[in-house]
Every structure is written in structure tokens, then in C-alpha cells.
**Student:** 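Got a structure here, written out as C-alpha cells. Questions coming.
In each ligand, atom 1 is the first atom listed, and ligand 1 is the first ligand listed. Only a predicted model underlies this, so the values are computations on that prediction, with no experimental measurement involved.
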Amino acid sequence: MRVGVNKEIKNHEYRVGLTPGAVREYAAHGHEVLVETGAGTGIAADDAAYVAAGARIVPTAQEVFAEAQMIVKVKEPQPSEWVQLREDQILFTYLHLAPDPEQAKGLMASGVTAVAYETVTDRFGGLPLLAPMSEVAGRLSIEAAGAALKAYNGGRGVLLGGVPGVAPARIVVLGGGVVGTHAARMAVGLGAEVTIVDRSIPRLRQLDELFQGRVRTRVSTLEAIEHEISEADAVIGAVLIPGASAPKLVTRAMLGHMKRRAVLVDVAIDQGGCFETSHATTHADPTYEVDGVIHYCVANMPGAVPLTSSHALNNATLPYGLALADKGVAACDDDPGLKAGLNVQGGRIVNEAVAESLR
Ligand SMILES: NC(=O)c1ccc[n+]([C@@H]2O[C@H](COP(=O)([O-])OP(=O)(O)OC[C@H]3O[C@@H](n4cnc5c(N)ncnc54)[C@H](O)[C@@H]3O)[C@@H](O)[C@H]2O)c1
């Protein structure tokens with residue numbers, strides 16, 4: 001198959017659909033890979049690296065769209081990209097169509113077959129192509145908290161790990177899933193005092209085993225959340241209820257019980273946020289203050305580390321992408337998890353949950 005990779009054009013998006021390492025795998029499977037010149041700039045992979053991996057460099061995105069039978073991207077296509085997609089093409093990328101009816105219409109009108117990373121499932125019911133970005137965001141959340149706690153950024157001036165004789169920072173992680181676990185790992189590694197709050201007792205049992213006594217765990221109740229956040233230097237919001245907006249676990253009134261210039265990092269902001277006072281921010285201007293509490297609510301945290309994120313994403317997408325390139329859309333018939341990724345086909349939304357939320 002002829003596989004195309006174009007340079008991402010969404011604002012501040014530096015990741016790339018295929019790394020040179022992934023291109024080499026596609027080439028080894030006998031596929032031809034077209035890469036737009038400069039597509040790998042954000043991950044320090046120049047055109048020569050792609051050529052060495054077996055790709056052909058083409059000068060414009062238009063040529064990639066015109067020639068490729070499958071397009072592999074990172075972010076959802078932008079309006080100038082929808083119009084270049086065709087019914088004999090497969091699009092493999094993050095789409096997040098549910099809150100984006102305009103894009104949904106654009107993709108349906110193009111006739112393209114679109115497979116969305118975020119709805120591909122594995123045999124345990126997990127989301128294998130979403131997990132790597134949650135790992136990145138979870139780990140980054142502690143760096144973000146550490147930065148926001150610095151006095152020159154308006155924070156309390158607490159060092160996460162403390163020093164001998166001075167207590168470390170207290171970090172509360174709301175939601176002990178993928179984001180929460182990776183946040184806790186980083187926080188524990190830096191020597192902070194960590195509490196994970198989750199509504200699932202089996203999950204808390206697993207975390208208790210995993211961290212061998214290095215974190216405290218608590219069941220998510222109003223009382224537990226109120227108490228924990230009142231003592232926290234930083235709170236990481238990492239809850240998810242699949243298919244729904246994030247629950248508002250911390251209300252504005254609760255901010256009054258928090259330490260002044262403590263930090264809230266709302267990783268769940270892409271699902272609407274789990275703090276009542278959250279609104280999405282960007283890497284260019286990541287924080288703001290409400291009632292003396294610093295809020296960090298960047299909606300695309302992994303975009304800050306495109307090199308790590310692109311490799312993590314490619315590690316996860318590669319087997320699925322290769323299956324699509326090898327067999328075409330028929331690959332979905334062999335793998336129900338990949339089939340769950342099918343969002344648009346034949347001018348219709350074919351994923352039931354996505355169709356439902358667009359109705
Ligand atoms: N901002 C970003 O750049 C970015 C990047 C990646 C992921 N995310 C978001 O981070 C969030 C978490 O993702 P994840 O992969 O860790 O999800 P996950 O499903 O692995 O974990 C979510 C956890 O939240 C828990 N939970 C649900 N309701 C709760 C409640 N009321 N109280 C306490 N815990 C509760 C669940 O039991 C689960 O353990 C999602 O909204 C995801 O979209 C954001």
C-alpha cells in the first residue's frame with residue numbers, strides 16, 4: 001500500500017504520525033511510504049533520516065494526500081485537510097469526533113474510511129492507543145506541578161522532595177488510572193508524599209501492591225476529597241468516566257479550604273475538567289489563579305514533549321497501522337479491537353457511541 005505522512009498543521013502540534021523507525025517497518029512489509037518534507041522536524045528527524053528508513057520525500061502535503069492510499073497522522077484533520085481526503089483512502093489518527101460535528105460532516109462528505117486511535121480497544125477493554133499519551137501526561141503533570149509551585153511562578157515555594165529536616169510536598173492524585181499511576185510514580189520518585197484517591201477499591205488494592213507502601217490510598221468520597229485537598233500542596237486531576245464528561249470533584253467552595261498558592265493540575269481538562277474552576281489553557285500560557293489557587297489546565301500536555309510522545313504513540317499504533325496497510329479495511333474483520341476504531345465509513349458514522357453523542 002502507499003502510505004502517506006504529512007506535517008501536522010494544528011497549532012503548536014509538533015508530533016508526527018510515523019517516526020523513521022516506524023517507516024522502516026512499513027517498508028519492510030513492502031509498503032511505499034511518502035513523507036512530506038519537514039514532517040519530522042518537531043522530533044529532530046530530518047528528511048535524510050526518513051529516506052534512510054525507506055521513505056520518499058515529497059514537497060507538499062497536497063502531494064501526500066493526492067498519492068497516498070492511507071494517511072497516518074496524529075491530530076484530527078483540519079478543514080483544509082478534510083477536503084483533500086477521498087473515498088478510496090484510509091485515515092488513521094486521533095479524531096475525537098464526538099464533540100466536533102463540523103469535522104464529522106467533513107469526513108463523511110469526503111467518503112474516507114477513518115479509524116480513530118482513541119476508540120481502538122484491546123482484549124481487556126482498555127484503550128491501547130490512548131494509554132501512551134496518558135502515560136506521558138501523567139508523568140508531565142508532576143513536572144507541571146513542580147514548576148507551578150515555584151515562587152517565581154506564583155506558587156507556594158515548596159520543593160516537591162523537601163530536604164533532610166524539611167517535609168516534602170504533599171501531592172494528592174484524584175483518579176488512579178493510567179494518568180494517576182504515572183503521576184504517582186514521578187511524585188514518589190522525587191520524594192513527595194503521595195495520596196491516590198479512586199472510587200474503585202479493586203484499583204486501590206492494585207495500587208497498594210504496586211507502590212509497596214510508598215503511597216496512601218483513599219476511597220473517593222466528598223469527605224476524603226475535602227480533607228485531602230485541604231492539606232495538599234498540589235492536586236492532580238486524573239479521573240475518567242469513559243464516554244462522559246469528567247465529574248467535578250473539586251468545587252469552587254472547596255478552594256477556600258486549600259492552602260494559599262497551592263496548585264491544581266487538571267489533566268482531565270480534555271474531558272471538561274474535574275475541578276469546577278478549570279478552563280483549558282495552552283503551553284504558551286498554562287496557568288491562571290482562582291481564589292488564591294494556581295490552576296494548570298493544558299489540554300494537549302503530550303504536545304510539550306513531541307519526541308517522547310511520537311515514539312510512545314508509534315510504539316502503540318505500529319501493529320494496527322501495519323495490519324491496515326497489509327490488509328486494508330479488511331484488517332478490522334480480523335480484529336474486533338481495531339474494528340472499534342472505525343468511526344467513519346461510506347459517508348456514515350459507524351461507531352455507535354460516537355454516532356450517539358453526535359445525535
Ligand atoms: N490533558 C492532556 O493532555 C491529557 C492527556 C492524556 C489523558 N488525558 C485525560 O486524563 C484523564 C484520565 O485518563 P486515564 O487514561 O488515566 O483514564 P483511566 O480510565 O485509566 O483512569 C481514570 C480513573 O479515574 C477513576 N475515577 C472515576 N471517577 C472517579 C471519582 N469520582 N473519584 C475518583 N476516581 C474516579 C477510575 O476509577 C479510574 O481509575 C482522561 O480524561 C484523559 O482524557 C488528558
**Student:** Looking only at protein heavy atoms, which one is nearest to atom 31 (N) of ligand 1, and how far off is it?
**Tutor:** Leu249 CD2, 3.6 Å
**Student:** Charged N to carboxylate O below 4.0 Å: is that the case for Glu32 and Arg56?
**Tutor:**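 Here Glu32 pairs with Arg56 in a salt bridge, since their nearest N and O are under 4.0 Å apart.
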**Student:** Heavy atom to atom 18 (P) of ligand 1, shortest distance: which of Gly177, Ala224, Gly176, Ala131 holds it?
**Tutor:**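 Nearest option to atom 18 (P) of ligand 1, by heavy atoms: Gly177.
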**Student:** Just jot down the ligand 1 atoms closer than 4.0 angstrom to any heavy atom of Asn300, in number order.
**Tutor:**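 Answer, ordered by atom number: 3 (O).
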**Student:** How far is atom 28 (N) of ligand 1 from its nearest protein heavy atom, and which residue and atom name does that atom have?
**Tutor:** Arg199 NE, 3.3 Å
**Student:** Report yes or no: does His283 contribute a side-chain atom to a donor-acceptor pair with the main-chain N or O of Asn300 at less than 3.5 Å?
**Tutor:**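 At least one qualifying donor-acceptor pair exists.
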**Student:** State the CG-OG1 distance between Leu210 and Thr217, to the nearest 0.5 angstrom.
**Tutor:**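 Rounded to the nearest 0.5 Å, the CG-OG1 separation comes to 12.0 Å.
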**Student:** Which ligand 1 atoms, with their elements, are less than 4.0 angstrom from a heavy-atom of Gln271?
**Tutor:**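 Contacts of ligand 1 toward Gln271, numbered from 1: 41 (O), 43 (O).
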**Student:** Looking only at heavy atoms of Val267, does any of them come nearer than 4.0 Å to an atom of ligand 1?
**Tutor:** yes
**Student:** State if Val298 counts as touching ligand 1 under the rule of any non-hydrogen atom under 4.0 Å.
**Tutor:**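 Val298: in contact with ligand 1 (<4.0 Å).
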**Student:** Just need the protein heavy atom nearest to atom 20 (O) of ligand 1, so name the residue and atom and give the distance.
**Tutor:** Val178 N, 2.9 Å
**Student:** Does a side-chain N-to-carboxylate-O contact under 4.0 Å join Glu193 and Arg170?
**Tutor:** yes
**Student:** For Pro302, does its backbone N or O pair with a side-chain atom of Ser309 as donor and acceptor, under 3.5 Å?
**Tutor:** yes
**Student:** Please list, in number order, the atoms of ligand 1 under 4.0 Å from a heavy atom of Ser134.
**Tutor:** 6 (C), 7 (C), 13 (O), 14 (P), 15 (O)
**Student:** Please classify the Ala299 to ligand 1 contact at 4.0 Å (heavy-atom distances, strictly less than): side chain, backbone, both or neither.
**Tutor:**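 For Ala299, only backbone atoms sit under 4.0 Å from ligand 1.
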**Student:** Which atoms from ligand 1 have a heavy atom of Ala268 less than 4.0 Å away?
**Tutor:**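 In order of numbering, the contacting atoms are 41 (O).
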**Student:** Is ligand 1 less than 4.0 angstrom away from at least one heavy atom of Ala246?
**Tutor:** no
**Student:** Give me the residue, atom name and distance of the protein heavy atom closest to atom 16 (O) of ligand 1.
**Tutor:**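 Checking every protein heavy atom, the shortest distance to atom 16 (O) of ligand 1 gives Val179 N, 2.7 Å.
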**Student:** Pick one of side chain, backbone, both or neither for how Leu240 approaches ligand 1, counting any non-hydrogen atom pair under 4.0 Å.
**Tutor:** both
**Student:** Quick one: nearest non-hydrogen protein atom to atom 12 (C) of ligand 1, plus distance?
**Tutor:** Ala238 O, 3.5 Å
**Student:** I'd like to know if the side chain of Gln84 reaches the main chain of Ser80, judged simply by a donor and an acceptor atom lying under 3.5 Å from each other, with no hydrogens or angles considered.
**Tutor:** yes
**Student:** I'd like the name of whichever of Val136, Val173, Asp198 reaches closest to atom 25 (C) of ligand 1 through any heavy atom.
**Tutor:** Asp198
**Student:** Do any N or O atoms from the side chain of Asn153 and from the backbone of Ala147 form a donor-acceptor pair under 3.5 angstrom?
**Tutor:**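 Here the side-chain-to-backbone pair exists.
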**Student:** Look at the side chain of Lys73 and the backbone N and O of Leu91, then say whether any donor-acceptor pair between them is shorter than 3.5 Å.
**Tutor:**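 Checking the backbone N and O of Leu91 against the side chain of Lys73, no donor-acceptor pair under 3.5 Å is found.
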**Student:** Considering only non-hydrogen protein atoms, determine which one is nearest to atom 9 (C) of ligand 1 and report residue, atom name and distance to 0.1 Å.
**Tutor:** Asp270 OD1, 3.2 Å
**Student:** At what distance is the nearest protein heavy atom to atom 32 (N) of ligand 1, and which residue and atom is it?
**Tutor:**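 Sorting protein heavy atoms by distance from atom 32 (N) of ligand 1 puts Ser220 OG, 2.8 Å first.
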**Student:** Is the shortest distance from a Lys or Arg side-chain nitrogen in Glu231 or Lys259 to a carboxylate oxygen in the other one below 4.0 Å?
**Tutor:**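 No, this pair does not count.
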**Student:** So if I count the atoms of ligand 1 from 1 in the order they appear, which ones are less than 4.0 Å from some heavy atom of Ala137?
**Tutor:**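 This gives 4 (C), 5 (C), 6 (C) as the contact atoms.
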**Student:** Leu18, Val64: one ILVMFWY side-chain cluster at the under-4.5 Å cut-off?
**Tutor:** no
**Student:** For the 3.5 Å polar cut-off, considering only N or O atoms, please tell me whether Ser200 and ligand 1 meet it.
**Tutor:**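 Min N/O separation from ligand 1 is not below 3.5 Å for Ser200.
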**Student:** Counting N and O atoms only, with roles assigned by atom type, does the side chain of Thr287 sit under 3.5 Å from a partner on the main chain of Ile294, one being a donor and the other an acceptor?
**Tutor:** no
**Student:** Nearest to atom 26 (N) of ligand 1 by heavy atom, Ile269, Val239, Val265: which?
**Tutor:** Val239
**Student:** Quick check on the hydrophobic clustering: are Leu313 and Val115 connected, directly or via other members, by side-chain heavy-atom contacts under 4.5 Å?
**Tutor:** yes
**Student:** Any side-chain heavy atom of Thr119 within less than 4.5 Å of one from Asn343?
**Tutor:**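 Thr119 vs Asn343: side chains touch.
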**Student:** Kindly confirm or rule out an N or O of Met133 lying under 3.5 angstrom from an N or O of ligand 1.
**Tutor:** no
**Student:** Which atoms from ligand 1 have a heavy atom of Pro302 less than 4.0 Å away?
**Tutor:** 3 (O)
**Student:** Taking atom 3 (O) of ligand 1 as the point of reference, which of Glu118, Met301, Glu135, Gln206 owns the nearest heavy atom?
**Tutor:**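 Checking each option, the heavy atom nearest atom 3 (O) of ligand 1 is found in Met301.
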**Student:** Okay, side chain of Glu226, backbone of Glu223: is any donor-acceptor separation there less than 3.5 Å?
**Tutor:**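 No: the side chain of Glu226 does not pair with the backbone of Glu223.
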